[in-house]
Novice: 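Dumping the structure here so I can ask a few things about it.
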Amino acid sequence: MSNAIATTDAPVPAPRSGMANPLRQMGDIFAQPAVKRSLPLVFMLGLIAAAALAWMALSTPPQRVLFANLPESDKAAVAQALDAANIANGIDGSGSITVSEDNYHKARMLLAGQDLPKAAPGGYALLDNLPMGASRAVEGERLRQARETELARSIGAIDTVAEARVHLATPEASVFVRDKAEPSASVIVKLQPGRSLSDAQVRSIVNLVASSVPGMKPDAVTIVDQMGALLSKSGQESSAGDARIDFQNRVEDKVRQQLVQLLTPLLGAGNFSAEVQAEVDLDESQATRESYDKEGTVVRAEQGNWTGAPRDGASAPGGIPGALSNVPPPPSTAVAPTAATPAQPGQPATPAAAPGMKQSDSFTRSYSNGREVSVTRNMPGSIKRLSVAVLLREEPGKPRGTVEIRQIDELVKATVGFNTARQDQVTVVSRKFSTNADAAVAGIPFYETPWFAMVARNVTALVIALLVLLLGVRPLARALMRRRDDTRAPGVPMGSADGVQMPTPVSPQMLAGSGLSLGDRVGLVRDFTRDNPARAALAVRDMIRTEGQ
């Protein structure tokens, strides 16, 4: 029995001087067998590390500067608040705090709720940092800036206002009346999304600013929103059309709110939609009417005189006033009337004048007919016509009945004050609601949504990692396996035991005549089976066939 011992005679490298070419030294190092065998593995590890770095770089969302040029105290406070809220943050090379693009607005809202950062002084705190020896102009500018900041904070305390800025124009005081200029102010407000300032709130802001500056009149205050719309309007600028539209909107909102309060407990929130169109009469009319009573007359004034004959032929009182003139007249005696002379034919009878009777009169009378004066004044604000449309949500497969729709129609009419004389119109319809209504209203392309950018980053990183594994790591692994197979000399078995090598393929005759122990032969078969599973399976099959024959 002969044992073949493999020996390797490696050439001893000649000593090299320290001034040798470094490239040649590197070449000699890479030329060594151990280094050559490890190069594919190192290259494969480098590709895996590059794929990991690419994944980390692409999977990490882009960073956005949250605050720049902050002092160290504010940086520490901001970073502590973000860490407490589990918001990843960092500091770039310029010292600015950065967060991911997805968490930018969340971080801003969080810090705004905690009143961070506090570095920028505002309000009357600016006067504390006023340097010594400042000129009068600098003091005046600092005082004006402090007033502007304080006014902006006061206006920002309103719920509807998100941010506010105030600009004051205060001219220098002059002793000459001609050169005297009135102060003015400009206010720009940034409103909350979906909110608007009412007329009362605008007037409040105008009066607040005008009252905070000495000598400023409310007409000198101008308020503009973030869209550039002028909110403060004087009496000349406000038109009747704006007042009509505003009053109509208030009437419609009132009716719509009544419908929401009525239908929400009945149908549930989001199961109906109501719209109201009101035609409001804002025309102010005044009428005056006079009427007379043509049948009845009333004596307004009467003036006149009358004359009559004396009684018993007595003469009228006369003479010199004295004692006799004051004597009462003698008692009267009844005298029988004498027969009148018969009237001649063709002549009218002349009535005899009765003693003491009226003979003639002369009167002037003024009559006035009945008169009625009526003044009618119609105040604006009445509703000329009301149109209401209610859309009910219909569940799939559960249509609403006619009786239910009729009942809801009656409830709506009773709520809005339906009047047939005004030709009001109320329509109630039940239909299915569209599921993509929000997407249609938004109108944002899908490639501009935040989720699309996140999915694109993750898919790109995954594709790059797969390409590195398939095009880099897999070919290198195959090359390593092939190189390992090629390094074995032909005719030498896959396994060895105690330095003894057997020719390949391994057969029972070889194992029996090799003089190896049982453990060595088992190890040799195990190594051969592990390195050549297909050939081992074929050998087992041949052995089974041989025994069967």
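Residue numbers run from 1 in the order of the sequence given. Since the model is a prediction, treat every value here as computed from it, not as a measurement.
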Novice: Rounded to the nearest 0.5 Å, what's the gap from CG on D409 to OG1 on T427? Could you check?
Specialist: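 Here the interatomic distance stands at 8.0 Å.
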
Novice: What's the separation between atom CG in L116 and atom CG in L110, rounded to the nearest 0.5 Å?
Specialist: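 If I round to the nearest 0.5 Å, the distance is 8.5 Å.
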
Novice: Kindly compute the distance separating CG (N271) from CZ (F433), expressed to the nearest 0.5 Å.
Specialist: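 Result: 7.0 Å between the selected atoms.
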
Novice: Begin from the C-alpha positions of D253 and R250 and carry the test salt bridge (charged side-chain N to carboxylate O under 4.0 Å, His left out) through to its verdict.
Specialist: CA-CA 5 Å; D253 292 340; R250 283 187 291 171; over 6 Å; no

Novice: Checking Q248 side chain against V280 main chain: does a donor-acceptor pair fall under 3.5 Å?
Specialist: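 Judged by distance alone, no pair lies under 3.5 Å.
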
Novice: With a 6.0 Å cut-off (strictly less than), is the heavy-atom count around CD of Q80, excluding the residue itself, greater than 12?
Specialist: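 No, not enclosed.
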
Novice: Please round to the nearest 0.5 Å and tell me the distance separating atom CG of L392 and atom CD1 of I405.
Specialist: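 L392 CG to I405 CD1: 6.5 Å, rounded to 0.5 Å.
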
Novice: Any non-hydrogen side-chain atom of V426 less than 4.5 Å from a side-chain atom of V390?
Specialist: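 A side-chain contact under 4.5 Å is absent here.
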
Novice: Looking at OG1 of T415 and CD of E410, how far apart are the two atoms once the value is rounded to the nearest 0.5 Å?
Specialist: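 So the OG1 of T415 and the CD of E410 are separated by 11.0 Å.
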
Novice: For residues R147 and T149, is any side-chain donor paired with an opposing acceptor at under 3.5 Å?
Specialist: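 Absent: no donor and acceptor within the cut-off.
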
Novice: Can you tell whether the side chains of K217 and D219 come within less than 4.0 Å, N to carboxylate O?
Specialist: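 D219 and K217: not salt-bridged.
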
Novice: Is the backbone N or O of G95 less than 3.5 Å from a side-chain atom of D92, with the two atoms forming a donor-acceptor pair by type?
Specialist: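 Between the backbone of G95 and the side chain of D92 there is a qualifying donor-acceptor contact (under 3.5 Å).
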
Novice: How far does CZ of R64 sit from OH of Y104, to the nearest 0.5 angstrom?
Specialist: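 Going from the CZ atom of R64 to the OH atom of Y104 covers 4.5 Å.
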
Novice: List for me each residue that meets side-chain contact (heavy atoms from CB on, under 4.5 Å) alongside E404, sequence neighbours excluded, and say none if there are none.
Specialist: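 Counting only residues at least two positions away or on another chain, E404 forms a side-chain contact (heavy atoms from CB on, under 4.5 Å) with R400, I408.
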
Novice: Using modelled atom types only, decide if a donor and an acceptor are shared between the side chain of D424 and the backbone of F418 within a distance under 3.5 Å.
Specialist: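 No, because the side chain of D424 does not come within donor-acceptor range (under 3.5 Å) of the backbone of F418.
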
Novice: Taking L466 as the fixed residue, which of V468, I464, L462 is the one that meets the side-chain contact (heavy atoms from CB on, under 4.5 Å) rule?
Specialist: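 The residue from V468, I464, L462 that satisfies side-chain contact (heavy atoms from CB on, under 4.5 Å) with L466 turns out to be L462.
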
Novice: May I have the step-by-step check of salt bridge (charged side-chain N to carboxylate O under 4.0 Å, His left out) for E394 and K398, ending in yes or no?
Specialist: CA-CA 7 Å; E394 183 178 313; K398 297 180 180 179; over 6 Å; no

Novice: Side chains of N207 and S204 only: does a donor on one sit below 3.5 Å from an acceptor on the other?
Specialist: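 Judged by distance alone, the side chains do not pair up.
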
Novice: Looking only at side-chain N and O atoms, does Q192 offer a donor or acceptor that is under 3.5 Å from a partner on T160?
Specialist: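 The criterion, which ignores hydrogens and geometry beyond distance, is not satisfied for Q192 and T160.
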
Novice: Take T420 and R422 through the side chain to side chain donor-acceptor pair (under 3.5 Å) test and state the conclusion after the steps.
Specialist: CA-CA 5 Å; T420 310; R422 295 184 311 203; over 6 Å; no

